[in-house]
Amino acid sequence: MSYSQIYGADAVVLVASRPLLYFGSMHAIEPWTERLHNEGWRLQYAENINELQKLSSAAEFKVGIVALGQEHIINNCRCVESTIAQAEHIRWIALLPRDALDPRAPLRELISATFYDYHTLPVDPDRLLLTLGHALGMAEIAADALLPEEGEVRDNGESEMVGASPQIQKVFKEIRKVSSVDAPVLITGESGTGKELAAQAIHERSSRGHGPFIAVNCGALPTNLIQSELFGHEKGSFTGAHQRKIGRIEAASGGSLFLDEIGDLPMELQANLLRFLQEKTIQRVGGREDITVDVRVIAATHVDLEKAVRDGRFREDLYYRLNVLQIRMPALRERIGDVPLLAQYIFHRFAEEKGRKIKGFSEAALHTMNHYDWPGNVRELINRVRRAMVMCDKFLISPSDLGLERRNNSRLVLTLGEARDRAEIDIIRTALAQNRGSVSLASKQLGVSRVTLYRLMEKHALSTN
């Protein structure tokens, strides 16, 4: 039995990805064929489920249109849902009759769980073409963000630098710039934003990439051992020093030393570190010999070091020695449109941990993730997605699997004014992301003037970079 037999006269249309893609409705394909052809698009048809499965696995397809009829849908929606969910690189648009949206109709659940958007028949051509263009843009952003060269993907087995937002793209550009020189770098940002990944990326792109990358968490070392850990010690220099030990700084010679949570370094050791940065030499504990060390220092902190300097908790001279070049890692809530990309990347990165029938995220889960503040940033997103992949017992991951039910989402407990502001922020961020930061295109999409959009961006402290 063919797919068109199952769904009456309806079928599935797959549209090949091109720079400016528009897509026709299969419900009334004839009036659309010439228009699509004139716009430069090529249509490929899937006549049955097997052909749909085969074609939807091809990387060339970025957007698909599914024209759904009502006949036998209850018996076959799972098959459609399974096929669509597995083609995660494609953004799917549904075409369906108005009565298919009846509260009792089974299509409602299918559409909310698996489709990027839907349109009822008869189709409004301009509106549908606009939606398809947005879908293509989002699909291309997702594809570009996952390419190692373009998206600067870094994979250390725990977390990844993935993203297409203007905020993270700015970080990628800064990493490329600072990698070309050998000066100290200070990376700032909240916990869980990927400061160590940025440091690794700087090291790998630099002329020292062939050398060691030694990471030290200054806040995790016992106070009485920090000096020995950093500078090493000579045999017999203190009780328990049974042999000479090479410190982390010396071990990093020829490469990069990453000092994480530098703001937690005790004041007495800050003077020793300052001397090393000035002289490029160290002395092991219990030793008298000056040892020359060729190492680049990359430091990171979630602490406001300028305030720490004012409060007398951090040496001003050391701060200026470390803060020659600075990179700020944005919080996940600031990264417009990156949460779905990261979630999908994590889903595939830890695919061996998921249940066999789990195919991806429901639209409700993606919506909830996009409207959550992520106080733990990327680290929290990784933990929640991995937990959901294990705990989910359905086809698609839901908000409850992520531990983000409405009753637990603090962003949903708002005053009317706060809700209005949140809605404006989310809509503006989405429009900017879909239009790659172009205020002109975003204002057209939102139906407001550029002046109005700039005013709203200023009101909510939003930026395109």
Side-chain angles (χ1 to χ4, degrees), residues 3 6-8 10-15 17 21-27 29 43-46 49 52-53 55-57 61-74 76-125 127-143 337 339-341 343-344 347 358-371 394-399 430 433-434:
Y3 193 79
I6 294 175
Y7 290 100
D10 297 330
V12 175
V13 185
L14 293 179
V15 186
S17 172
L21 280 183
Y22 292 89
F23 309 92
S25 167
M26 189 57 189
H27 186 79
I29 192 62
L43 290 178
Q44 179 75 42
Y45 300 92
I49 287 291
L52 172 63
Q53 291 171 341
L55 290 173
S56 63
S57 64
F61 298 113
K62 296 294 188 295
V63 177
I65 296 177
V66 181
L68 297 173
Q70 277 297 99
E71 277 190 44
H72 312 300
I73 190 65
I74 295 177
N76 294 281
C77 64
R78 285 293 180 188
C79 189
V80 177
E81 186 178 41
S82 175
T83 302
I84 291 175
Q86 292 183 58
E88 294 178 339
H89 60 291
I90 297 177
R91 295 296 184 270
W92 298 94
I93 311 298
L95 299 183
L96 65 164
R98 291 186 182 279
D99 58 4
L101 294 178
D102 184 278
R104 295 165 296 179
L107 273 178
R108 292 174 67 92
E109 182 180 352
L110 173 66
I111 291 170
S112 67
T114 56
F115 284 87
Y116 177 82
D117 203 349
Y118 73 91
H119 283 259
T120 55
L121 299 171
V123 168
D124 177 341
R127 180 171 174 268
L128 179 59
L129 288 171
L130 181 62
T131 299
L132 292 170
H134 291 165
L136 175 65
M138 293 303 293
E140 289 183 334
I141 287 174
V339 170
L341 302 185
Q344 296 287 0
F347 182 84
I358 301 174
K359 301 302 180 184
F361 300 89
S362 68
E363 285 297 316
L366 292 173
H367 177 81
T368 303
M369 285 192 290
N370 263 330
H371 289 75
K394 298 179 181 178
F395 189 69
L396 298 171
I397 292 173
S398 68
T430 300
Q434 290 176 344

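Any value given below was found using the heavy atoms of this structure, including those in side chains, with hydrogens, waters and symmetry copies removed. The structure displayed is predicted, hence computed values, not measured ones.
- Partners of Phe347 under the ring-ring contact (aromatic ring centres under 6.0 Å, His included) rule, at least two apart in sequence or in another chain, are Phe361.
- Applying the side-chain hydrogen bond (donor to acceptor under 3.5 Å, both in side chains) criterion to Tyr118, with sequence neighbours excluded, gives no partner residue.
- When side chains are defined from C-beta on, Asn370 counts as touching Pro340, because their heavy atoms get closer than 4.5 Å.
- Shortest non-hydrogen contact noted between Val339 and Met369 is CG1-CB, 3.7 Å.
- With rounding to the nearest 0.5 angstrom, the CZ atom of Phe115 is 8.0 Å from the CH2 atom of Trp92.
- Closest approach of Ser362 and Pro399 over heavy atoms only: OG-CD, 4.2 Å.
- The shortest non-hydrogen separation linking His119 to Ile93 is CD2-CG2, 4.1 Å.
- To the nearest 0.5 Å, the span separating CG on Leu396 from CD on Glu363 amounts to 9.0 Å.
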